[in-house]
Visitor: 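Let me give you the structure first, and then I'll get to my questions.
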Amino acid sequence: MRRAARSLLLFGVLSTTAATAQDAALDELNAQAAVTLNLVPAARVVRPGALSPGTPADLNASVTVRYGPTKPAAVLLLMPGYLGGAGSFDRLARQLAQLDPTLAVWAVDRRSNLLEDHAPLLGGSAPQLAQIVQRGLPTRSPASVPFMKDWGLDVTLRDWRAAVLEARTLTPNVFIGGHSMGGTLTGLYATYDFSGARGAQDVRGLVMLDGLPGLMSGQPLTTDQYEQSALNPLGPLPGLNSLTRAPYVDTFYFGPALAVRAAAQARLAALQPDAPAPQDGFTTFPATNLAAAMTRLDQRYALLPFLAIRAGRPTNATDAPYLLNRVLGARDTRWITGATDPTRPVGWGSDAAQVTDARDFVRRYLTPQSDYAEWYFPNRLTLDLAAARTDTTGTPFEKTLPVRSARDLTLPILGIAAEQGVTTEAQFRAYAAGTRAPLTVHTLKGAAHLDITTASGDQVARWILDWLRPLRRA
């Protein structure tokens, strides 16, 4: 019995050592790939956008982070998802531009991102960042941004169109796409009536990454619901009459104060991944900075399935089933109860089954060009999406939100689903069946919703490039 126990213990030690060596090799491989990707040039560009009455002039802006050549043969403009910023595309955009040096990728920052102050985060020391994790920073009050009540679907699409039309001055080969809600906006852009011109006339194809029109719509809204209060798949929405009091998303799972603290924790994880995370921060147990950053997003522990990523595993951790997460729609979720060995912190390690590299993810979360999140996400945009759905013809919103039927849409569509995300190939086919558009679909195996744009591998980039190539013209 003792010999067997000793052999089992020895096997466990050897297995752990081998796994650690494999993890280290994987970390090194990912780090080498990141160095090459980071050579792709990137610049943040702010141009005039749609004019929204009451909005300060400097916030009427169209913002893009541009990767690749300044004189491209083709441009792909990508719209981020719900609560997302241009930084959510940093890795995918670099992969695309590296694989095809003639392609420029312009990642969109919605104008709300101009309300963020990244200076204390980018310039803060580790102790200063730790304080921000614990206490946050002053954020803008609802009363200070009353103009956000008008930042809905029309403003968002017209800001995007300003960038699309600029891209067309460089090349006729202009394509648009988006992730999650960005995929929804991609389809709506194509069928939107821009004062007599359909958006489809501006571009040569649509890329939808784990998102498509109707994804966040819910049931049709009445005029009263739109003005007073409404519902979509994410829960209650403030109506038009409440937007001055509640101009941006501020809930238990996301808001400006939480976004600031999360960015500080991601920054700490990028700078000192294995150092102890701030106490009274994102964990109730001792953890490393990287573990504190990832335990809120990893698919096994994420509060919501649309905020999930597969990026390794916790180490030295004890966990238990978390039934509340399942009520909110997550799958087989758990929560970390503490450290297995209380003398050491919970850490975070690489995993051969991971789709995204955690260390790369936190390094790209906040950069001088962009942020992964959108701190002040306008409630008006979510409300408008619930009202517009896929077609406003014959509804009370026909004139104010001129989304037209997709029946005559002929633009080629590329749909890429995450195997464990929020869309399926069948949903893309059902959407395309209501159009005249040729459809190409793929599924990224093993991926959670956020992995589509952050995956270590370049499969998504290669699918996009293979689809783009025959659509480009000299």
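We number each residue from 1, following the sequence as shown. Computation of the quantities below employed the complete heavy-atom set of this structure, encompassing side-chain atoms and omitting hydrogens, waters and symmetry-equivalent molecules.
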Visitor: Strictly distance-based, threshold 3.5 Å: is any side-chain N or O of Asp210 a donor or acceptor partner for the main-chain N or O of Val422?
Guide: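 Present.
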Visitor: Side chains of His118 and Asp371, heavy atoms from C-beta outward: is any pair under 4.5 Å?
Guide: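 Yes - at least one pair of side-chain heavy atoms lies under 4.5 Å apart.
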Visitor: Rounded to the nearest 0.5 Å, what separation is found between the CD atom of Gln369 and the CZ atom of Arg44?
Guide: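 Taking CD in Gln369 and CZ in Arg44, the distance rounds to 9.0 Å.
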Visitor: Indicate yes or no for a side-chain donor-acceptor contact from Thr454 to the backbone of Leu450 under 3.5 Å, with no hydrogens or angles considered.
Guide: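 Such a contact is found between Thr454 side chain and Leu450 backbone.
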Visitor: So how far is it from Arg161 CZ to Leu77 CG, rounded to the nearest 0.5 Å?
Guide: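 Rounded to the nearest 0.5 Å, the CZ-CG separation comes out at 13.0 Å.
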Visitor: Kindly give the heavy-atom pair with the smallest separation between Ala292 and Ala277, and that separation in Å.
Guide: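 Heavy-atom minimum between the residues: CB-CB, 3.6 Å.
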Visitor: Does the side chain of Trp106 reach to within under 4.5 Å of the side chain of Trp160, using non-hydrogen atoms?
Guide: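 SC-SC contact between Trp106 and Trp160 ruled out.
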Visitor: Any idea how Phe361 and Tyr365 line up, ring-wise: parallel (<30°), tilted (30 to 60°), or perpendicular (>60°)?
Guide: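 Judged by the thresholds at 30° and 60°, the geometry between Phe361 and Tyr365 is perpendicular.
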Visitor: Just verifying a value: how many Å separate Asp319 CG and Thr295 OG1, rounded to the nearest 0.5 Å?
Guide: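 Spacing of CG (Asp319) from OG1 (Thr295) equals 11.5 Å.
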Visitor: Is the shortest heavy-atom distance from the side chain of Phe428 to the side chain of Ile413 under 4.5 Å?
Guide: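 Side chain of Phe428 against side chain of Ile413, heavy atoms only: no contact under 4.5 Å found.
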Visitor: Check step by step if side chain to side chain contact (heavy atoms under 4.5 Å, CB included) holds for Gln459 and His442.
Guide: CA-CA 10 Å; Gln459 181 62 78; His442 299 285; over 6 Å; no
Visitor: Can you check side chain to side chain contact (heavy atoms under 4.5 Å, CB included) on Leu444 and Ile452, steps first, answer last?
Guide: CA-CA 7 Å; Leu444 187 63; Ile452 284 284; 4.1 Å; yes
Visitor: Give the C-alpha distance, both sets of side-chain angles, the deciding distance and a yes or no for ring pair (Phe, Tyr, Trp, His ring centres under 6.0 Å) between Trp335 and Tyr301.
Guide: CA-CA 6 Å; Trp335 64 292; Tyr301 308 108; 10.0 Å; no
Visitor: For the pair Arg94 (side chain) and Val40 (backbone), establish whether a donor and an acceptor sit closer than 3.5 Å, ignoring hydrogens and angles.
Guide: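 Pair found, side chain donor or acceptor close to backbone of Val40.
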Visitor: Looking only at side chains, do Glu419 and Thr443 share a donor and an acceptor under 3.5 Å apart?
Guide: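 Thr443 and Glu419 do not have a side-chain donor-acceptor pair below 3.5 Å.
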Visitor: Ignoring hydrogens and angles, state whether a donor on the side chain of Tyr67 or Asp90 is under 3.5 Å from an acceptor on the partner side chain.
Guide: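 On atom types as modelled, these side chains qualify, holding a pair under 3.5 Å.
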Visitor: Report the distance from atom CZ of Arg267 to atom CG of Leu122, rounding to the nearest 0.5 Å.
Guide: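 Between atom CZ of Arg267 and atom CG of Leu122 there are 5.5 Å.
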Visitor: Can you see which heavy atom on Pro142 is nearest to which on Tyr248, and at what distance?
Guide: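 Heavy-atom minimum between the residues: CD-OH, 3.4 Å.
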Visitor: Is a donor on one side and an acceptor on the other found under 3.5 Å between the side chain of Asn316 and the backbone of Arg344?
Guide: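 Side chain of Asn316 to backbone of Arg344: a pair is present.
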Visitor: Apply side chain to side chain contact (heavy atoms under 4.5 Å, CB included) to Trp375 and Leu115, showing your working.
Guide: CA-CA 8 Å; Trp375 300 359; Leu115 299 172; over 6 Å; no
Visitor: Side chain of Ser180, backbone of Gly81: donor and acceptor closer than 3.5 Å?
Guide: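 No: the side chain of Ser180 does not pair with the backbone of Gly81.
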Visitor: Report yes if some heavy atom in the side chain of Thr156 is under 4.5 Å from a heavy atom in the side chain of Met79; otherwise report no.
Guide: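 Yes. Closest side-chain heavy atoms under 4.5 Å.
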Visitor: For the pair Leu268 and Val133, evaluate side chain to side chain contact (heavy atoms under 4.5 Å, CB included) and give the outcome as yes or no after the intermediate values.
Guide: CA-CA 9 Å; Leu268 273 176; Val133 170; 4.0 Å; yes
Visitor: How are the rings of His179 and Phe89 set relative to one another: parallel (under 30°), tilted (30 to 60°) or perpendicular (over 60°)?
Guide: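 Perpendicular.
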Visitor: Do Leu237 and Leu231 have side chains that approach each other closer than 4.5 Å (heavy atoms only, starting at C-beta)?
Guide: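 Leu237 does not reach Leu231 side chain to side chain.
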Visitor: Any side-chain donor-acceptor pair under 3.5 Å between Thr288 and Asp274?
Guide: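 Distance-only check fails for Thr288 and Asp274.
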Visitor: In this structure, which one of Tyr253, Tyr82, Phe254 forms a ring pair (Phe, Tyr, Trp, His ring centres under 6.0 Å) with Phe377?
Guide: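 Testing each of Tyr253, Tyr82, Phe254 against Phe377, the sole residue satisfying ring pair (Phe, Tyr, Trp, His ring centres under 6.0 Å) is Tyr82.
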Visitor: Given 3.5 Å as the limit, does a donor-acceptor pair link the side chain of Thr440 with the main chain of Leu414, or not?
Guide: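 Not a single qualifying donor-acceptor pair exists.
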Visitor: Could you check if a side-chain atom of Asp58 sits within less than 4.5 angstrom of a side-chain atom of Leu114, using non-hydrogen atoms only?
Guide: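 Of all side-chain heavy-atom pairs linking Leu114 with Asp58, none is under 4.5 Å.
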Visitor: So, for Gly349 and Thr315, which heavy atoms are closest and what is the spacing to 0.1 Å?
Guide: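 Here Gly349 and Thr315 meet closest at N-CG2, 3.9 Å.
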Visitor: For Gln299 versus Ala308, what's the shortest heavy-atom pair and its separation?
Guide: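 It is CA-CB, 4.0 Å.
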Visitor: Is there a donor-acceptor pair closer than 3.5 Å between any side-chain N or O of Ser88 and the backbone N or O of Gly85?
Guide: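 Checking the backbone N and O of Gly85 against the side chain of Ser88, a donor-acceptor pair under 3.5 Å is found.
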Visitor: Working to the nearest 0.5 angstrom, can you tell me the gap between Leu381 CG and Leu153 CG?
Guide: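 Going from the CG atom of Leu381 to the CG atom of Leu153 covers 6.5 Å.
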Visitor: A side-chain contact here means heavy atoms from C-beta on lying under 4.5 Å apart; do Thr251 and Leu234 qualify?
Guide: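 They are not in side-chain contact.
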Visitor: Say you draw a straight line from CD1 of Ile309 to CG of Asp298; how long is it, rounded to the nearest 0.5 Å?
Guide: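 One finds 8.5 Å between CD1 of Ile309 and CG of Asp298.
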Visitor: Should we say atom CD of Gln279 is surrounded by more than 12 heavy atoms from elsewhere, each under 6.0 Å from it?
Guide: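 No, not enclosed.
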Visitor: Does Thr55 offer a backbone N or O that forms a donor-acceptor pair with the side chain of Ser52 under 3.5 Å?
Guide: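 Absent.
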Visitor: Measure across Arg313 and Arg300 and return the closest heavy-atom pair with its distance rounded to 0.1 Å.
Guide: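 That closest heavy-atom pairing would be CA-NH2, 3.2 Å.
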Visitor: Before you tell me yes or no, could you show the steps for Glu166 and Arg66 under salt bridge (Lys or Arg N to Asp or Glu O under 4.0 Å), namely the whole-Å CA-CA distance, both residues' side-chain angles and the distance that decides it to 0.1 Å?
Guide: CA-CA 12 Å; Glu166 182 185 353; Arg66 303 180 181 185; 2.8 Å; yes
Visitor: Looking at Gln95, is its backbone amide N or carbonyl O close enough to the side chain of Gln98 to form a donor-acceptor pair, meaning the two atoms are under 3.5 Å apart?
Guide: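 Side chain of Gln98 to backbone of Gln95, a donor-acceptor pair under 3.5 Å: no, none is there.
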Visitor: Is it true that Asn60 and Arg158 share a donor-acceptor pair across their side chains at a distance under 3.5 Å?
Guide: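 There is no such pair (donor and acceptor under 3.5 Å, judged by atom type) between the side chains of Arg158 and Asn60.
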Visitor: Looking at Gly446 and Val355, what are the two nearest heavy atoms and their distance?
Guide: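 For Gly446 and Val355, the tightest heavy-atom pair comes out as O-CG2, 3.4 Å.
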Visitor: Are any of the side-chain nitrogens in Asp466 or Arg462 under 4.0 Å away from the carboxylate oxygens of its partner?
Guide: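 Between Arg462 and Asp466 there is no salt bridge, as every charged N stays at least 4.0 Å from the carboxylate O atoms.
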Visitor: Arg91 and side chain to side chain donor-acceptor pair (under 3.5 Å): which partner among Asp458, Asp360, Thr453, Thr356?
Guide: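 Per the side chain to side chain donor-acceptor pair (under 3.5 Å) rule, the option paired with Arg91 is Asp360, out of Asp458, Asp360, Thr453, Thr356.
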Visitor: Would you say Leu92 and Val460 make side-chain contact, with heavy atoms under 4.5 Å?
Guide: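 With C-beta onward as the side chain, the pair touches.
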Visitor: Cation-pi between Arg111 and Trp151: NZ/CZ under 6.0 Å from ring centre and within 45° of the ring axis?
Guide: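 That pair qualifies as a cation-pi contact.
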Visitor: Check for a donor-acceptor pair, side chain of Arg296 on one end and backbone N or O of Leu307 on the other, with a separation under 3.5 Å.
Guide: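 Not at all, since once roles are kept as given, no pair shorter than 3.5 Å links the two residues.
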